[in-house]
Amino acid sequence: MKKISILGSTGSIGTQTLDIVNQYPEQFQVVGLATRSNVDLLATQVQQFRPEIVAIRDENKLGTLKDAIATLDYSPIILAGEEGVIEVARHGDAESVVTGIVGCAGLLPTIAAIEAGKDIALANKETLIAGGPVVLPLVEKHGVKLLPADSEHSAIFQCLQGVPEDGLRRIILTASGGAFRDWRVEKLKYVTVQDALKHPNWSMGQKITVDSATLMNKGLEVIEAHFLFGMDYKNIDIVIHPQSIIHSLIELQDTSVLAQLGWPDMRLPLLYALSWPERIYTDWETLDLVKAGSLTFREPDHDKYPCMQLAYSAGEAGGAMSAVLNAANEQAVALFLEEKIAFLDIPKVIEKTCDDFRDHNPYSPSLEDILEADNWARKTVLVEAEGLGKESKVISVK
Ligand code: NAD
Ligand code: MG
C-alpha cells in the first residue's frame, strides 16, 4: 500500500490520479489533497478518499469547505492559502506527491515536498522548466525520486529501464500537432479561443491545451527532457505523430531505437510514476495495432509554430531564461483565454520578453532569482500586450 498526496486534485491530472486510486484501493491510499478553488468537487473527493489533510488555495473558500466537510464522520486537517497547499505537500507519511497543479504556482509546494523527503510524480512540468536549476540539486540532496508523469517523458523513462547510463544518444519526442495541425498557416490569424481548446487526441486542462495548439507544450517538454535526462538540446528532436500512439522514442549509441506505445490515456504514465519500478496489472483497454492502423510521422513546421524554437533558445541560454519563457507563456496564454490578445500574439510577446531579459540572465540562479524573473516576465508581457497594434488584438470570426 503506497500513501500519496495530490496537488491539483480537481484538475485533469488530479481526477485521473484519483480514478487510479479508486480502481486499485489495495495499492494506493490518499493522505492529502489540495486544489485552487473548486470546493464542491474537493468536498466530494474528501468524502470518498478520506485524506488526513486538505487545502484550498483560495482563502475565501475556506468557510464553504469547512461547512461542506463538517457533516462527515471524521475530521481532516483543513487549511487555506499557499501555506496550506505547501503543508499538504509535506504532510505526514505520504511517500509520493503527485504534482497536478498547473503553472509555476507548483514550484514552492514541489520544493516543500522534496525537502520533506517525498518522491515526486511530476505532471507539473512548469515547475521543472522554471525551477530546474534549483529543483535538481534538491532532489539530489534529499535523495528523492523525480518520476515523470508527462506521457512523453514517461515513455522515455520506460524505454531507459535497463539502458546503461552512457547508452543514450538521442531523444525523439512525439507531438500530436495540436488543434491546428491541419490548418493552413494563413488561417491562424483567425483562431478563436474555442478553436484552440479543441485538442484532437487528449482531454486536458485549458492552459496545456492552448500550449499544445501553439506547440509551446512540445517546446516546454524539450526543456523538461533536458532537465530530467541530462540530454543536450542538440540531441533532443521533435517529430509530429498525429495518432499519439508512440509516446516518444530513444536512440541508443549503437543506433537502436526504442519506443513506448499505448492508447492516449494519461492514467498509464501516472500509474507508472506511482508504481515504479513495479508493474501493476490493469484491466484497461490493451493496444490493438490493427485497430490503431497507420502510424505516420512528419517534420514539425517551425515557421507555423515559432514557440518550439523559442523554447530551444531559452533552454540553451540556461540560467533563469527558461523561467522567463515559461512565465511569459503562462501570462500570454491567460491573456489569450481572456480574449485580450490574438493567438499569433502569443509567440510575439514571449519572444520580446525573452529578448529583453537576455542581458540580465543570471548564470546560476537562486530560487529568489527564479521567482523574481518569473514575476518580471509576467509584468513585461502585460506591458507588451498593451503595446500591440489595435488590429492585432481584434480576434475576427472565421
Ligand atoms: P487543470 O487546469 O485541469 O488542473 C489544474 C489543477 O491545479 C486544478 O485542480 C486547480 O485547482 C489546481 N491549481 C491551480 N493553481 C493552484 C494553486 N496555486 N494551488 C493549488 N492548486 C492549484 O490542469 P491539468 O491539465 O491537470 O494540468 C496540470 C499539470 O499537469 C500542468 O502542469 C500540465 O502541463 C501537466 N500535464 C497535464 C496533462 C493532462 O493530460 N492533463 C498531461 C501532461 C502534463
Ligand atoms: Mg506531454
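When a ligand or atom number is given, it counts from 1 through the structure's own listing order. Along the sequence shown, residues are numbered consecutively beginning with 1. The shown structure was predicted, so the numbers you read here are calculated from the model rather than taken from an experiment.
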Salt bridge (Lys or Arg N to Asp or Glu O under 4.0 Å) assessment of R170 paired with D237: CA-CA 8 Å; R170 192 162 68 106; D237 292 342; 2.3 Å; yes
Working for side chain to side chain donor-acceptor pair (under 3.5 Å), residues T64 and D67: CA-CA 5 Å; T64 321; D67 290 347; 6.0 Å; no
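What sits closest to atom 13 (N) of ligand 1 on the protein, heavy atoms only, is R36 CB, 3.7 Å. In this structure, atom 34 (O) of ligand 1 lies nearest to the protein heavy atom K125 CE, 3.3 Å. For atom 29 (C) of ligand 1, the nearest protein heavy atom (residue, atom name, distance) is I101 O, 3.5 Å. With hydrogens left out, the protein atom closest to atom 39 (C) of ligand 1 is M204 CG, 3.6 Å, a heavy atom. In terms of protein heavy-atom proximity, atom 17 (C) of ligand 1 is nearest to R57 CG, 3.9 Å. Protein heavy atom closest to atom 36 (N) of ligand 1, with residue, atom name and distance, is I208 CD1, 3.6 Å. Taking atom 42 (C) of ligand 1 as the reference point, the nearest protein heavy-atom neighbour is M266 CE, 3.5 Å. Nearest protein heavy-atom contact of atom 43 (C) of ligand 1 is D150 OD1, 3.1 Å.
Between Y233 and Y312, the angle of the ring planes goes over 60°, which puts this pair in the perpendicular group of the 30/60° scheme. Ring orientation note: the planes of F357 and W376 are tilted relative to one another, at an angle of 30° to 60°.
Shown here are the protein N/O/S atoms lying under 2.8 Å from the Mg ion (ligand 2), water excluded: D150 OD1, E152 OE1, E221 OE2.
At least one N/O-N/O distance between E126 and ligand 1 falls below 3.5 Å. Inclusion of G11 in the set of residues having an N or O under 3.5 Å from an N or O of ligand 1 is warranted. Checked against a 3.5 angstrom limit, the closest N/O atoms of Q206 and ligand 1 fall outside it.
Counting only non-hydrogen atoms, the option in D265, I6, T10, I13 that gets closest to atom 9 (O) of ligand 1 is T10. Summarising the contacts of atom 5 (C) of ligand 1 with G100, G8, S12, the nearest heavy atom is found in G100. Across the listed options S151, S9, G81, G205, G205 owns the non-hydrogen atom lying nearest to atom 1 (P) of ligand 1. Selection from S37, A123, C104 by nearest heavy atom to atom 30 (O) of ligand 1 gives A123.
Partner of K125 under the side chain to side chain donor-acceptor pair (under 3.5 Å) criterion, chosen from E152, H153, E221, E224: E221.
Salt bridge status for R169 with E251: present, with a side-chain N to carboxylate O gap under 4.0 Å. In this structure, D355 does not pair ionically with K352, as no charged nitrogen and carboxylate oxygen lie closer than 4.0 Å. Between E186 and K189 there is no salt bridge, since no side-chain nitrogen of the basic residue lies less than 4.0 Å from a carboxylate oxygen of the acidic one. Between E330 and R378 there is a salt bridge, since at least one side-chain N of the basic residue sits less than 4.0 Å from a carboxylate O of the acidic one. Ion pairing between a basic and an acidic side chain is recognised when a charged N comes within 4.0 Å of a carboxylate O; D182 and R298 show such pairing.
Under a 4.0 Å heavy-atom criterion, G14 is not in contact with ligand 1. Taking 4.0 Å as the cut-off, N38 does not count as a neighbour of ligand 1 on heavy-atom distance.
In the hydrophobic clustering of ILVMFWY residues, with side-chain heavy atoms under 4.5 Å counting as a link, L72 and L41 come out apart.
Taking the six-membered ring for Trp, F343 and F180 have ring centres closer than 6.0 Å.
Annotation: the span from N329 atom CG to K207 atom NZ amounts to 5.0 Å, rounded to 0.5 Å.
Counting heavy atoms from C-beta outward, P300 and V239 have side chains that stay 4.5 Å or more apart.
Listed by atom number, the atoms of ligand 1 under 4.0 Å from A105 heavy atoms are 18 (N). Less than 4.0 angstrom separates some heavy atom of N124 from each of these atoms of ligand 1: 32 (O).
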